[in-house]
Amino acid sequence: AEFVEKRSSFLGHVRFVETEDAARNFINEMKKKHYDARHNCWCYIIRGGAVRYSDDGEPQGTAGIPVLDVLEKSQTVDVCVVVTRYFGGILLGGGGLVRAYSHGAKIALDAGEIITMSLCSEIKAECDYTLYGKITPIIAANRGKITDTQFTDKVEVYYTIVGENEEKLSSAIFEATNGKVMPQRLGEKFSAV
């Protein structure tokens, strides 16, 4: 998303990231794309991990911290925001910069889609080909999300489900297949719901 403030163009960019490496790659991608911009100020928050920000040459505290403030107020994590400034020749002052970078981060978040994440169980259901057509609709009907399917001498269906629905779905699959398929829990991860 983009806006102009006293002839300076501000472009807000946002991307879902799960690691610091992914965040740094996005920042470098934006810096390379907007190599001729005066500033590429950024901030990222990784769930249960790193919080980093940079003013990229703007006066200290006028860019990175305002972007961080927007992310914290929106309770957004696993995200990286880069606000690019093409200088228009007019100085904005400290307060003007804070407002501009905050607005750049806000319009970037508004332009993107916020995805609700939840702790999900990762499950594997192994079956023969005749039962595959029975279990996939059950997974979908119980709000499970199929993440992978492997077809060999048998079918392995991998899916995620919000933790509290796991037992209900496993029972439904077990009953629909007359006890031939018992889903196996592999672990947990945060996933889009």
Side-chain angles (χ1 to χ4, degrees), residues 1-122 143-145 147 160-166 187-193:
E2 181 178 2
F3 76 99
V4 176
E5 179 70 28
K6 295 185 180 174
R7 297 195 326 219
S8 284
S9 292
F10 290 86
L11 289 80
H13 315 275
V14 64
R15 182 171 292 165
F16 169 72
V17 294
E18 291 183 288
T19 65
E20 284 195 77
D21 286 340
R24 283 190 289 269
N25 288 341
F26 176 59
I27 293 163
N28 291 334
E29 178 186 326
M30 291 298 101
K31 284 183 173 186
K32 186 176 180 181
K33 181 177 180 179
H34 299 285
Y35 67 91
D36 53 342
R38 178 73 65 95
H39 306 282
N40 286 288
C41 304
W42 52 266
C43 177
Y44 61 84
I45 299 178
I46 308 297
R47 176 188 318 278
V51 175
R52 307 270 188 272
Y53 55 85
S54 169
D55 295 319
D56 192 38
E58 290 285 23
Q60 185 176 354
T62 60
I65 290 176
V67 174
L68 172 63
D69 189 47
V70 169
L71 294 179
E72 287 177 334
K73 283 181 180 172
S74 69
Q75 298 179 335
T76 307
V77 294
D78 290 343
V79 68
C80 181
V81 172
V82 178
V83 180
T84 300
R85 179 184 184 193
Y86 285 93
F87 185 61
I90 298 173
L91 298 175
L92 300 180
L97 289 172
V98 168
R99 284 188 297 278
Y101 281 102
S102 295
H103 186 64
K106 176 83 171 88
I107 65 174
L109 285 179
D110 290 346
E113 177 185 354
I114 299 216
I115 300 168
T116 302
M117 306 288 280
S118 185
L119 188 61
C120 295
S121 299
E122 295 179 290
R143 302 181 69 201
K145 181 179 175 186
T147 57
T160 57
I161 181 107
V162 175
E164 66 256 16
N165 298 334
E166 176 185 350
E188 291 182 327
K189 74 173 189 174
F190 277 94
S191 187
V193 293

Just how far is it from atom [atom1] of [X] to atom [atom2] of [Y], taken to the nearest 0.5 Å?
X: H103; Y: K106; atom1: NE2; atom2: NZ; answer: 9.5 Å
X: T160; Y: N165; atom1: OG1; atom2: CG; answer: 11.0 Å
X: I65; Y: Q60; atom1: CD1; atom2: CD; answer: 7.0 Å
X: F10; Y: H39; atom1: CZ; atom2: NE2; answer: 8.5 Å
X: T76; Y: L71; atom1: OG1; atom2: CG; answer: 6.0 Å
X: T19; Y: R47; atom1: OG1; atom2: CZ; answer: 13.5 Å

ask   = Under 3.5 Å, is there a donor-acceptor pair between the side chain of N25 and the main chain of D21?
value =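 At least one qualifying donor-acceptor pair exists.
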key: All pairs passing ring pair (Phe, Tyr, Trp, His ring centres under 6.0 Å) where residues 59-81 contributes a residue, at least two apart   =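 Pairs touching residues 59-81 that pass the test: none.
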message = Tell me every residue that passes ring pair (Phe, Tyr, Trp, His ring centres under 6.0 Å) with Y44, counting only those two or more places apart in sequence or in another chain.
response =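 If we apply the ring pair (Phe, Tyr, Trp, His ring centres under 6.0 Å) test to Y44, skipping adjacent residues, the hits are W42.
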Just checking [X]: does its [atom1] atom have more than 12 heavy atoms from other residues, nucleotides or ligands closer to it than 6.0 angstrom?
X: R24; atom1: CZ; result: yes
X: Y53; atom1: OH; result: no
X: E164; atom1: CD; result: yes

Heavy-atom check, side chain of [X] versus side chain of [Y], under 4.5 Å:
X: C120; Y: I161; value: no
X: L97; Y: R85; value: yes
X: L11; Y: Y86; value: yes
X: D78; Y: I46; value: yes
X: E29; Y: R15; value: yes
X: D69; Y: S102; value: no
X: V67; Y: C41; value: no

Heavy-atom closest contact ([X] atom, [Y] atom, distance):
X: L92; Y: A100; answer: CD1-CB, 4.3 Å
X: V17; Y: C80; answer: CG2-N, 3.9 Å
X: Y101; Y: T62; answer: CD1-O, 3.6 Å
X: A1; Y: A108; answer: CB-N, 4.2 Å

query = Considering the options V82, T84, N40, V83, which one meets the side-chain contact (heavy atoms from CB on, under 4.5 Å) requirement together with D56?
reply = N40
message = If you apply the rule side chain to side chain contact (heavy atoms under 4.5 Å, CB included), what do you find for H34 with H13, and how did you get there?
response = CA-CA 11 Å; H34 299 285; H13 315 275; 3.4 Å; yes
